[in-house]
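This report refers to the structure that appears directly beneath it.
All values below were derived from every heavy atom in this structure, side-chain atoms included, with hydrogens, water molecules and symmetry-related copies excluded. Each chain gets a letter, A, B and so on, in the order the sequences are listed, and its residues count up from 1.
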Number of protein chains: 2
Amino acid sequence: MISPPSYRSHPSPFESGLRSDGKRMTPQRKKVLSLFEEIGSGIHLSAEEVHSKLTISGEKVSLATIYRTLRLLVKMTFLNELDLSEGGNRFELLSHDHPDHHHLICIRCGRTEEFENNNVINAGKEAATNFGFKLLESSLNVRALCPKCSNK
Amino acid sequence: MISPPSYRSHPSPFESGLRSDGKRMTPQRKKVLSLFEEIGSGIHLSAEEVHSKLTISGEKVSLATIYRTLRLLVKMTFLNELDLSEGGNRFELLSHDHPDHHHLICIRCGRTEEFENNNVINAGKEAATNFGFKLLESSLNVRALCPKCSNK
DNA sequence: CCTTTTGTTGCGAGCTGTTCTCATTACGCT
DNA sequence: AGCGTAATGAGAACAGCTCGCAACAAAAGG
């Protein structure tokens, strides 16, 4: 009987997170997370966009599985879910360097920029405290017109 | 033939706003706006809730008309639209005393509290300026657990 | 190894919130 | 009062998302 290599192959944080919860790593899950990692943080994809990007690059993962995986990844804090509304929720890689960033959205073309601001975070904390709520997450959405769209 | 009273009845701001745009005042529109005025500002209703409240009080306005009217009232800045997600958008009377308030939402039971904070408004302005965007509106949504829901 | 257990997938049906279509109604101007 | 046109109601259509279930596949156990 062949023994395993003397070094343990390190499972990714994703995989070990799954394992510790009785869940399994699957090719589909790997593909979805990889996609987000490849495109980097700060880019927001809808479930539909994830689906078509995977389909285009030859991988086929059903839409239902994508929805399930996105929810899972959000729960595991690998992804962040944005409710920018207008055509479905969007997801982005949650970068732990910039945990609490906010969004500036052009309502006409959809261009989205991110920014951070401690005052906003504190405002959320303060409001939660005042009402006896336990804060989970706060997100500031600034609806605006980008330079291109505002002069036409 | 009976002539109208000698004084001109003053059209409401709503009515004159409509008129000036070639639009018409209708009983349905009046009912929807009245409902919001009766319940006061700071209460958020979904389209469905508006529909059932009207239905219960004997008025019948079709759901399609309610959606159309809500959109219209938002455009005319009588109502404010909130994207709190989870079961549809909600609408509230836009009080001009508290133009830029934000929301603290219990994600479990839906209880919603409002607060104001100038730092948030400024953060939005600042971000828009930095990216050359023209600010329209900013809304901070704080997702949290209310006291009741957080201890169970 | 082969079997059992159990988590996962894919597909299509179903659901919810919202918009659209279109025939009919009715507001408001003269 | 009559006319032009905006607005309504009813239901179909739609988008985004979830669900149920049979087939599948990865661990676990004999």
Quick check on DNA chain C: between M25(A) and Q28(B), whose nearest nucleotide comes earlier from the 5' end? M25(A)

If you only use heavy atoms from C-beta on, which nucleotide in dG9(D), dG10(C), dG28(C) is closest to the side chain of T65(B)? dG9(D)

Considering only NZ, NE, NH1 and NH2 on the basic side and carboxylate oxygens on the acidic side, decide whether R19(B) and E15(B) come within less than 4.0 Å. yes

Nearest-nucleotide pick for L63(B), side chain only, options being dG10(C), dT18(C), dC20(C): dT18(C)

Options dC27(C), dG9(D), dC17(D), nucleotide nearest the side-chain atoms of N89(A): dC17(D)

D21(B) side chain to K23(B) backbone, donor-acceptor under 3.5 Å: no

Rounded to whole Å, the CD-C1' distance (E49(B) to dT16(C)) equals 14 Å

Report the nucleotide, chosen from dT19(C), dT21(C), dG10(C), that has the shortest atom-to-atom distance to any side-chain atom of Y67(B). dT19(C)

Below 30° counts as parallel, above 60° as perpendicular, anything between as tilted: where do the rings of F115(A) and H102(A) land? tilted

Taking the side chain of T26(A) as heavy atoms from C-beta outward, which of dG28(C), dG17(C), dT8(C) is closest to it? dT8(C)

What nucleotide among dT8(C), dA10(D), dC27(C) has an atom nearest to a side-chain atom of A64(B)? dA10(D)

Distance in angstrom units between E81(B) CD and dG17(C) P, rounded: 15 Å

Please tell me which of the listed nucleotides, dC11(C), dC17(D), dT8(D), lies nearest to the side chain of A47(A)? dC17(D)

K23(B) vs F91(B), nearer the 5' end of DNA chain C by closest nucleotide: F91(B)

The side chain of R24(A) lies closest to which of these nucleotides: dA7(D), dT6(C), dG10(C)? dT6(C)

Nearest to the S62(B) side chain among dT19(C), dG9(D), dC11(C), which nucleotide is it? dG9(D)

Donor-acceptor contact present, side-chain H51(A) to main-chain V61(A), <3.5 Å: yes

